[in-house]
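Lettering follows sequence order; numbering is per chain, from 1.
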Amino acid sequence: MTDQQQSLEELQHIKRMMERSSRFISLSGLSGVMAGLCALVGAWFAYDVVNPSGLSSFDARTYHRDYSLDTVKDYMGHRLFTIAVATFISALVLAFVFTYLRSKKSGVPIWGTASRRLLVAVAIPMIAGGFYLLREIQVGNYGLIAPGSLIFYGLALVNASKFTLGEIRFLGYSQIILGIINCWMLGYGLYFWAIGFGLMHIVYGIAMWYKYERNQ
Amino acid sequence: MNNPIENLNKIFDNRIRLGIMSALMVNEEVNFNELKELLNITDGNLASHIKSLEENGAIKVYKGFVGKKTNTTYSVTKAGEKAFRAHIDALEKMIRLSK
């Protein structure tokens with residue numbers, strides 16, 4: 001082996017070790033696909049609730065009206081809220097299962113410095129967003145909930161991209177853009193949710209699976 | 001121009017020590033088990049390479065506890081960081097020479 005080849009291999013080894021030690025790379029593309037499918041199923045159920053009563057127009061009407069804490073309780077008890085929670089939990093569980101399987105296969109432990117940092121990076125924008133959206137519900141700005149959740153989720157993904165597969169930032173950018181557009185198209189939140197949380201996750205998941213896991 | 005081979009550091013002339021340094025360059029601190037998993041080697045093997053890096057002043061060792069378990073973490077020293085960067089530069093020059 002020539003000196004040049006050896007040097008190149010050593011640099012590649014250094015790069016690989018830096019990557020592996022600082023990022024959580026077991027995140028499976030199939031997790032994204034599953035989360036996306038859950039979101040689409042959730043949106044389908046939500047559409048059933050929203051459509052007959054015409055919540056989209058309800059969105060616009062109640063926009064900017066003052067509401068007391070009672071509305072938050074109403075909101076929590078609403079069928080839409082139940083659907084949202086069920087969707088979130090099933091997406092999270094399924095996403096975890098596929099990432100757990102991949103981490104077992106690649107022999108990298110799922111809980112370590114890298115995954116801890118990833119979790120913190122995701123949690124900060126998500127928790128901040130959660131408080132902000134809770135307040136939006138309190139003051140009755142229902143129309144801003146869908147765009148708000150898309151924007152905060154997108155920011156969380158962009159933040160997370162430093163600690164896992166870097167491509168996830170593109171998924172983040174798309175959520176942020178959808179959220180911003182939705183801000184000026186109030187009342188169409190469910191459609192933006194279905195595109196952002198559903199379709200975009202599936203597209204991202206398939207692309208990541210194709211790029212990293214297909215040949216494993 | 002000097003021959004870049006002279007700048008290649010003998011301490012880093014080993015895949016495992018190179019791996020340890022790479023991990024420490026991008027992480028503030030890494031513990032023993034994480035290094036073991038990253039490099040996929042035995043305790044004894046890892047310990048001997050860590051010792052030689054420590055003796056050369058490239059890394060620092062912190063012995064601590066998590067509960068009752070010992071938790072030994074490692075981080076790179078200023079000198080170690082400088083030497084590692086010089087080593088990477090030298091590797092790069094070696095490749096450039098061929099073109």
Side-chain angles (χ1 to χ4, degrees), chain A residues 1-28 96 99-124 158-169 212-213 216, chain B residues 3-41 46 49 53 58-59 66 71-76 80-81 83-99:
Chain A
M1 190 160 60
T2 67
D3 282 349
Q4 283 84 11
Q5 265 179 319
Q6 199 177 346
S7 302
L8 189 65
E9 276 186 19
E10 287 196 6
L11 281 176
Q12 282 164 345
H13 177 68
I14 291 169
K15 190 183 159 210
R16 214 161 38 235
M17 289 292 125
M18 285 180 165
E19 287 268 342
R20 273 190 58 183
S21 67
S22 61
R23 285 165 190 260
F24 181 71
I25 51 177
S26 302
L27 198 65
S28 172
F96 177 80
T99 291
Y100 178 77
L101 290 177
R102 179 159 181 223
S103 111
K104 269 210 132 173
K105 212 158 134 191
S106 60
V108 178
I110 202 161
W111 190 241
T113 315
S115 53
R116 203 156 51 231
R117 273 190 296 202
L118 174 63
L119 209 64
V120 171
V122 172
I124 291 171
V158 173
N159 207 29
S161 67
K162 288 169 237 129
F163 306 106
T164 181
L165 301 171
E167 290 88 342
I168 207 166
R169 69 180 184 280
Y212 294 106
E213 293 161 71
Q216 274 179 10
Chain B
N3 185 349
I5 294 177
E6 288 167 21
N7 293 324
L8 285 176
N9 201 323
K10 273 271 175 281
I11 318 166
F12 306 134
D13 189 17
N14 169 287
R15 278 293 165 100
I16 292 166
R17 291 197 289 275
L18 210 56
I20 296 169
M21 288 302 289
S22 307
L24 296 183
M25 287 293 283
V26 290
N27 292 280
E28 273 171 50
E29 51 168 42
V30 180
N31 74 28
F32 191 86
N33 288 329
E34 285 166 339
L35 283 176
K36 212 177 94 178
E37 274 152 358
L38 178 73
L39 300 161
N40 205 10
I41 54 173
L46 177 58
H49 286 293
L53 283 171
I59 64 172
V66 174
N71 180 40
T72 311
T73 60
Y74 307 92
S75 68
V76 72
E81 192 178 332
F84 190 72
R85 285 189 195 285
H87 184 76
I88 291 178
D89 285 345
L91 286 174
E92 206 182 321
K93 281 194 186 112
M94 297 276 295
I95 295 166
R96 290 243 175 88
L97 277 183
S98 66
K99 285 174 184 164

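Of the inter-residue distances, the one linking B:Met21 atom CE with A:Met18 atom CE reads 9.0 Å to the nearest 0.5 angstrom. Note that the NE2 atom of A:His13 and the CG atom of B:Leu91 stand 11.5 Å from one another [nearest 0.5 Å].
Listed here is the closest heavy atom pair of B:Ala23 and A:Ser21: CA-OG, 3.4 Å. Nearest heavy-atom pair across B:Leu39 and A:Met17 is CD2-SD, 3.8 Å. Closest non-hydrogen pair, B:Arg15 versus A:Glu10, comes out as NH2-N, 4.0 Å. Nearest approach of A:Ile14 to B:Leu18, heavy atoms of both residues: CG1-CG, 3.7 Å.
Atom CD of A:Gln12 is surrounded by more than 12 heavy atoms from other residues, nucleotides or ligands within 6.0 Å.
By the ring-ring contact (aromatic ring centres under 6.0 Å, His included) test, B:Phe12 pairs with B:Phe84, B:His87, sequence neighbours left out.
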